Every structure is written in structure tokens, then in C-alpha cells.
Protein chains: 2
Amino acid sequence: MTRPHELDDIDRRILALLVQNATMAYSEIARQLHVSGGTVHSRMSRLEDLGVVRGATLDLDLTKVGFTIQAFLGIYLLKSSYCDAVIAQLRDIPEVISLHFTTGSYNLFARLACRDTQHLRNVLHDLVQQIEGVERTETLISLEEVFNRSVRLDETAPVAS
Amino acid sequence: MTRPHELDDIDRRILALLVQNATMAYSEIARQLHVSGGTVHSRMSRLEDLGVVRGATLDLDLTKVGFTIQAFLGIYLLKSSYCDAVIAQLRDIPEVISLHFTTGSYNLFARLACRDTQHLRNVLHDLVQQIEGVERTETLISLEEVFNRSVRLDETAPVAS
DNA sequence: AAACTTTATCGAAAAATTTTCGAAAAATTA
DNA sequence: TAATTTTTCGAAAATTTTTCGATAAAGTTT
């Protein structure tokens with residue numbers, strides 16, 4: 001269930017700041033929003049409990065840690081009943097860094113990070129294509145990540161209209 | 001230029017821990033890796049200077065902050081010379097949260113986060129499709145983000161083979 | 001190989017932050 | 001309005017980050 005109702009204006013302003021920069025200190029947020037540090041802390045605890053905040057991830061330049069090839073992979077299944085089993089096997093391939101269940105051309109849509117083209121070839125040919133239930137795949141290679149950002153939380157308030 | 005050579009084993013082990021959980025304290029990393037807190041700090045500063053670490057982002061459950069629809073958008077351009085202008089205009093649409101320059105079926109590939117289907121319709125019809133140089137688009141709606149994780153830095157070392 | 005230079009680490013002190021918690025204030029309910 | 005619950009503040013305690021000099025390690029030059 002989705003209940004954005006539980007978030008008030010201060011919650012959103014805290015998140016709007018942290019979404020830009022997750023390393024911003026609670027004390028700094030407190031200064032900017034004119035509340036106490038304790039308030040920021042208790043609200044973040046609550047947002048974590050609610051599952052609104054899942055955690056924080058380090059934003060790496062993947063090319064600089066050796067993953068020079070990023071690709072998207074559209075996956076066609078033989079039968080949609082294979083879905084759960086295919087998902088389970090894709091989860092065991094560390095190069096698959098995200099997976100979506102989609103409508104449209106593909107049944108599943110994955111994002112891959114590989115060290116080089118040879119590595120990508122191996123992952124596709126030896127791992128993904130070998131999964132039972134995968135009919136065929138379509139690869140989009142990312143030549144450049146032009147940008148990557150989070151949603152805007154400041155502007156529009158999440159209200160059930 | 002990509003020079004993963006500059007990263008040694010301790011760098012990678014620090015990153016491997018922080019990639020799992022960017023909120024882990026440097027002092028805790030120091031304990032686990034048997035180095036001093038000062039070392040973790042100076043190495044992270046260096047990794048930031050090198051651009052390996054770009055920062056940290058809060059990991060939100062988008063549905064719980066009111067963005068219930070996530071979609072991928074394959075974009076075909078009339079001419080590839082329109083690319084820069086189209087990118088500039090996509091950057092001004094906050095609902096476009098990431099953009100890749102791709103090979104394969106599409107010229108550009110975007111990820112969108114919208115509040116509801118009506119909102120998505122507006123973004124597609126009133127904003128994206130109106131951009132000069134965009135021939136047509138293909139939408140993949142994500143029904144579920146099955147998982148989302150970072151690369152594995154512990155296992156394989158980034159070595160130019 | 002010795003002397004020199006450079007760089008990285010440690011360890012501890014200082015500065016800043018997080019976390020906790022009781023009292024006060026605010027909001028909600030009866 | 002009184003009672004109850006929830007939230008906030010403010011300050012203390014615990015922890016962490018950041019700085020920095022001394023030391024050690026690594027790399028250069030002679």
C-alpha cells in the first residue's frame with residue numbers, strides 16, 4: 001500500500017535535502033529547516049521504519065572502478081509462468097544490478113554492469129541466455145550516462161488527488 | 001580516461017562496504033579492515049578527488065513518496081544531430097531521472113518517475129513528444145522493481161587484463 | 001647501498017555530529 | 001475543557017569525523 005499521506009512538509013523538506021546529498025549532516029538540515037537536531041533524527045527514524053527511506057548508497061563512477069560497459073537488457077520469456085524462476089536466476093548474476101518487471105515489449109528489463117565487452121558477452125551468452133524460460137534478449141549498450149538524479153520532492157506535494 | 005589501477009585492495013574493500021551501506025561509519029570500516037580511522041578518511045578523500053566516489057544518494061521507496069509510476073522510455077531521434085538539443089530539453093524535465101545515450105534500438109534511453117498514469121501521460125504527450133528532433137518514443141512501464149543493487153567490488157579486482 | 005625525498009599510516013586530540021532522554025509544547029481525543 | 005497522546009526542544013552523553021605531528025614505509029637519486 002502506498003500512503004504518502006503520512007509525510008508532512010517537514011518530512012519532505014528533509015528528504016529533499018538528503019536526496020540531493022545523503023551525506024548532509026542532520027545538524028545542518030536542522031539549521032536550514034529551523035528545527036532541532038533531535039527532530040530531524042526522530043523523523044528520519046520514522047521514515048526508515050515506514051520504509052520510505054531504504055538506506056543510502058554510494059554513488060560511484062562505475063567506469064573508474066573497472067566496470068566500463070553498462071547495458072540494458074530486454075528479456076522475452078517463453079511463458080510468463082517462468083517469471084519467478086527466471087528472476088531467481090537473474091538475482092544470482094551479480095552483473096545484473098537492477099531488474100524490473102515490465103509491460104511493453106519485454107517481460108523483464110535488466111540493467112547490467114560489466115568490466116569489458118568480453119565480460120558482457122560471457123554474461124549474456126553463458127549466463128542469461130542459458131536460463132530456462134528466457135526466449136531471447138535484446139541488448140542496449142549505454143555509451144554514456146548523460147545524467148542520473150532523483151525525483152524532485154520540493155515542488156509538488158505528494159497528495160492523493 | 002579510466003584508470004582503475006589507482007585503486008588498491010584497501011580502497012576496494014572500503015568501497016565494497018560503503019556500496020552496501022553508505023551510512024556505515026568510517027570508524028566501523030576501520031575496525032573491520034584493521035586500519036586507522038584516519039586512513040579510511042584520507043582514502044575516501046582521495047577517492048572523491050579522483051571522481052571515483054561522486055557522493056551518496058538516499059535510497060527512497062518512490063511509491064511511498066508519491067511517485068507510483070516508473071517507466072523507461074526509448075527515444076528515436078529524427079537525426080542524430082539533434083541529440084544535444086534533445087538532451088538539453090530532457091534535462092529540464094524533472095520527471096526524467098536518468099538518461100543514457102545508447103546503441104541498439106533507440107538513440108536515447110530515459111527513466112521516468114511520475115505520480116500517476118495521468119502525470120505520465122502529460123509528461124510524454126506534452127513534454128517529451130513536443131521536443132523537436134524526437135521522432136517517436138516507446139514506453140516500458142515498470143510494474144515492479146524486483147531489485148536494485150550496486151556492482152560487486154569484493155570479488156573480482158579491477159585489473160586491465 | 002646509503003642518503004634523500006615522497007607518501008601513507010598511525011594514534012591521539014580537537015571539533016563536530018549523532019543519539020538519547022526528560023520536560024515542555026502542541027495536537028488530538030473524549 | 002480536561003485528559004491523553006504525540007511531537008518538539010534543548011542539553012548531555014556517546015560516537016564519529018577531522019586534523020595533524022610523529023613515524024614508518026616506499027620509492028628515487030646519487
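These numbers were taken from a predicted model, which means no experiment stands behind them.
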### Message
What residues from residues 35-48 of chain B pass a heavy-atom cutoff of under 4.0 Å to DNA chain C?
### Response
B:V35, B:S36, B:T39, B:R43
### Query
Does any N or O in the side chain of A:E144 come within less than 3.5 Å of the main-chain N or O of B:H100, such that one atom is a donor and the other an acceptor?
no
### Query
Counting distance only, does the side-chain N/O of B:R12 pair as donor-acceptor with the main-chain N or O of B:L7 below 3.5 Å?
yes
### Task
Report yes or no: does A:R149 contribute a side-chain atom to a donor-acceptor pair with the main-chain N or O of B:R91 at less than 3.5 Å?
yes
### Task
Nearest 0.5 Å please: distance from the CZ atom of A:R43 over to the CG atom of A:L33.
9.5 Å
### Summary
Min and max contacting nt of DNA chain C in 5' to 3' order, chain A heavy atoms within under 4.0 angstrom, are C:dT17 to C:dT20
### Query
Are any side-chain N or O atoms of A:Q70 and backbone N or O atoms of A:L112, one a donor and one an acceptor, separated by less than 3.5 Å?
no
### Task
With sequence neighbours excluded, tell me which residues meet ring-ring contact (aromatic ring centres under 6.0 Å, His included) with B:F109.
A:F72, A:F109, B:F72, B:Y106
### Query
Would you say B:T68's side chain and B:R115's backbone share a donor-acceptor pair under 3.5 angstrom?
yes
